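Position 1 is the first residue of the sequence, and the numbers go up from there. The structure presented is a predicted model; accordingly, all values stated were derived computationally and were not measured.
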Amino acid sequence: MSECIALIRGINVGRNKRVAMADLRDMMVDLGHRHVRTLLNSGNVLFESKRPNVAKIAANIEAAINAACGFSAAVTVTTAQDLELIVNENPLLQVVDDHARHLVAFVAHPKHLQALRPMLKEIWTPDALAVTERAAYLWCAAGILDSKLLQAFSRKAGATVTTRNWTTVLKLQAASKEAA
């Protein structure tokens, strides 16, 4: 069994796309996953899977959400091992002083990061952007709501990424280690 994390984009934000975490856990169990647990109320699901084909798992979760809830939500699945690498490879930690303003952008496939690489040539000061092989990292110095970097990043990335703040990423990492 492999520990995996599903990151569901855009659920339980505002009044739209509401999913009870108990219902989400039940969906995951119905899909054949074990030791299913959720973190926060914003679409973070940790679980064990027999065969971690992350693309297939993500597609199955998307289909289950659509069938049960009547709306679509993009899902990115990563293994606990890849999450560990994403955390350890973070190149922006030396400039971050508030984890709530530091975001990690997860992608379903590394090819989705290629479209973001041209943004590295632009100056975003006091914000900062880094793109590695597995994720993109954003530092929004004055906060995420007013960040020109985050606005441009969101337009460029579209629905191919989902972001989590650094505090949530570290909670996901800790929860995935607890299962091991």
Side-chain angles (χ1 to χ4, degrees), residues 1-12 19 21 24-65 73-96 98-117 119-120 128-140 153 157-180:
M1 297 296 268
S2 295
E3 181 74 8
C4 296
I5 300 101
L7 305 167
I8 304 166
R9 187 174 194 266
I11 66 167
N12 299 341
V19 180
M21 293 299 98
L24 187 55
R25 286 190 296 274
D26 290 345
M27 271 186 248
M28 296 295 290
V29 170
D30 290 346
L31 289 172
H33 304 297
R34 298 182 54 198
H35 195 146
V36 177
R37 56 260 180 247
T38 56
L39 179 73
L40 306 172
N41 192 37
S42 56
N44 305 300
V45 186
L46 296 104
F47 60 96
E48 291 179 355
S49 180
K50 288 181 183 176
R51 287 176 231 113
N53 178 334
V54 294
K56 186 175 181 178
I57 293 170
N60 289 340
I61 296 169
E62 288 176 1
I65 290 171
V75 177
T76 299
V77 175
T78 187
T79 64
Q81 183 179 13
D82 281 343
L83 178 63
E84 186 73 20
L85 292 169
I86 288 167
V87 168
N88 291 336
E89 292 173 350
N90 187 339
L92 296 183
L93 288 178
Q94 70 276 8
V95 299
V96 171
D98 180 349
H99 291 178
R101 293 182 281 147
H102 178 39
L103 303 176
V104 177
F106 293 87
V107 294
H109 192 279
K111 68 181 179 185
H112 298 298
L113 293 168
Q114 294 307 317
L116 304 171
R117 292 195 184 279
M119 293 182 69
L120 294 170
L129 172 67
V131 180
T132 66
E133 291 180 28
R134 293 176 184 81
Y137 305 83
L138 295 87
W139 166 238
C140 303
F153 184 88
T160 65
V161 304
T162 187
T163 59
R164 297 296 186 271
N165 72 37
W166 191 243
T167 299
T168 300
V169 170
L170 294 178
K171 286 179 181 179
L172 288 166
Q173 180 191 36
S176 70
K177 286 181 178 181
E178 287 174 8

Over 12 foreign heavy atoms within 6.0 Å of CD, Q94: yes

Gap between atom CG of N53 and atom SG of C4 - 0.5 Å precision: 10.0 Å

Shortest non-hydrogen separation from L113 to R134 and the atoms involved: CD1-C, 3.6 Å

Flag if over 12 foreign heavy atoms under 6.0 Å of CD, E84: yes

Distance-minimising heavy-atom pair for W139 and L92: N-CD1, 3.9 Å

Distance (rounded to the nearest 0.5 Å) between R164 CZ and L83 CG: 11.5 Å

Any side-chain heavy-atom pair of T132 and I86 under 4.5 Å: no

Closest contact, heavy atoms only, V75 versus E62: N-OE2, 2.9 Å

Least distance between heavy atoms, T76 atom then T162 atom: OG1-CG2, 4.0 Å

Trace of the side-chain contact (heavy atoms from CB on, under 4.5 Å) decision for L7 with N44: CA-CA 5 Å; L7 305 167; N44 305 300; 3.4 Å; yes

Validation row: V87, L170 side chains within 4.5 angstrom (heavy atoms): yes

Nearest non-hydrogen partners of E48 and E3, listed with the distance: CG-OE1, 3.5 Å

Pairing residues for F106 by the ring-ring contact (aromatic ring centres under 6.0 Å, His included) criterion, not counting sequence neighbours: none

Atom CZ of R34: over 12 foreign heavy atoms under 6.0 Å: no

side-chain contact (heavy atoms from CB on, under 4.5 Å) between E178 and L46, intermediate numbers included: CA-CA 11 Å; E178 287 174 8; L46 296 104; over 6 Å; no

Check: L129 and L116 side chains under 4.5 Å, non-hydrogen atoms: no

Step-by-step side-chain contact (heavy atoms from CB on, under 4.5 Å) determination, I11 to M21: CA-CA 10 Å; I11 66 167; M21 293 299 98; 4.2 Å; yes

Heavy-atom pair with the smallest gap, counting every atom of F153 and A105: CZ-CB, 3.5 Å

Interatomic distance, C140 atom SG to H102 atom NE2 [nearest 0.5 angstrom]: 9.5 Å

Sub-4.5 Å side-chain heavy-atom contact between V45 and I61: no

Worked verdict on N165 versus H99 for side-chain contact (heavy atoms from CB on, under 4.5 Å): CA-CA 7 Å; N165 72 37; H99 291 178; 5.7 Å; no

Separation of N60 CG from L31 CG (nearest 0.5 Å): 6.0 Å

Distance (rounded to the nearest 0.5 Å) between L85 CG and N90 CG: 12.5 Å

W166: which of D98, V104, L138, V96 passes side chain to side chain contact (heavy atoms under 4.5 Å, CB included): V104

Gap separating the OG atom of S176 from the CD1 atom of I5, nearest 0.5 angstrom: 5.0 Å

Donor-acceptor pair, side chain of Y137 and main chain of A128, under 3.5 angstrom: no

Check: R9 side chain, V161 main-chain N or O, donor-acceptor pair, under 3.5 Å: yes

